[in-house]
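Contents: one structure, followed by commentary.
Numbering starts at 1 and runs along the sequence shown.
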Amino acid sequence: MVSLKLQLTLGLDFHRQGIGTEARTALLSLAFKELGAVTALTEVFQDNVGSQGVSRRLGYLHDGISRDVLAGRAVVSDRLRLDASAWVPTDPEDLLVTGLAKARSFFSI
């Protein structure tokens, strides 16, 4: 089984424009359709309503919590899971994956 960890972070100037949803949709398409992933996992701070909303719109389901320390204070994140069998592709028509054959070795597949 291949395990990948991808992090998507958008600066505040780019919030609430649909960029996060589009980027995560592209990552899910790559993971599920091209790389054969069976599950996508994410963790979202409980007070990050934007990221929580993106996750819900894409079909992620609650899968527990995690506790971490951020800037010296305890924070709780929701763990969310999306199985490939539950994913409803909404790929943009112009999404095109190229060069993957040469990159497959980086993914150990």
Side-chain angles (χ1 to χ4, degrees):
M1 175 193 294
V2 175
S3 178
L4 304 173
K5 182 175 182 178
L6 303 172
Q7 182 172 338
L8 176 64
T9 305
L10 295 177
L12 291 175
D13 291 344
F14 301 98
H15 286 198
R16 305 198 57 78
Q17 297 179 39
I19 297 168
T21 301
E22 189 172 329
R24 183 118 50 114
T25 298
L27 284 174
L28 289 170
S29 180
L30 175 67
F32 291 142
K33 290 172 56 177
E34 305 294 336
L35 299 175
V38 295
T39 302
L41 304 172
T42 189
E43 290 191 14
V44 181
F45 291 129
Q46 290 184 327
D47 63 351
N48 186 339
V49 295
S51 190
Q52 292 273 1
V54 168
S55 297
R56 279 192 306 274
R57 279 191 297 284
L58 294 176
Y60 284 81
L61 299 175
H62 194 268
D63 191 44
I65 63 168
S66 66
R67 298 179 192 279
D68 297 293
V69 176
L70 179 66
R73 66 178 181 90
V75 293
V76 178
S77 295
D78 289 322
R79 279 195 327 259
L80 305 168
R81 170 186 298 271
L82 176 60
D83 292 328
S85 61
W87 180 58
V88 179
T90 56
D91 298 338
E93 291 180 21
D94 60 348
L95 180 64
L96 176 65
V97 176
T98 61
L100 188 58
K102 292 180 182 179
R104 284 192 179 274
S105 63
F106 292 107
F107 297 106
S108 300
I109 55 174

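- Between S55 and R24 the shortest side-chain heavy-atom distance falls below 4.5 Å.
- Within the 4.5 Å cutoff, side-chain heavy atoms of R57 are placed close to those of V54.
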N/O donor to acceptor pairs below 3.5 angstrom from side-chain atoms of residues 37-46, sequence neighbours left out:
{"residue": "T39", "atom": "OG1", "partner": "D83", "partner atom": "OD1", "Å": "3.0"}
{"residue": "E43", "atom": "OE1", "partner": "S66", "partner atom": "OG", "Å": "2.8"}
{"residue": "Q46", "atom": "NE2", "partner": "D78", "partner atom": "OD1", "Å": "2.9"}

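- The shortest non-hydrogen separation linking L82 to F32 is O-CZ, 3.5 Å.
- Here the straight-line distance linking atom CG of L28 with atom NZ of K33 works out to 11.5 Å at 0.5 Å rounding.
- Taking all atoms of both residues into account, the shortest heavy-atom contact from R79 to I65 is NH1-O, 2.6 Å.
- Interatomic distance, L27 CG to L58 CG, rounded to the nearest 0.5 Å: 10.5 Å.
- Between atom CZ of residue R56 and atom CG of residue L80 there is a gap of 9.0 Å, rounded to the nearest 0.5 Å.
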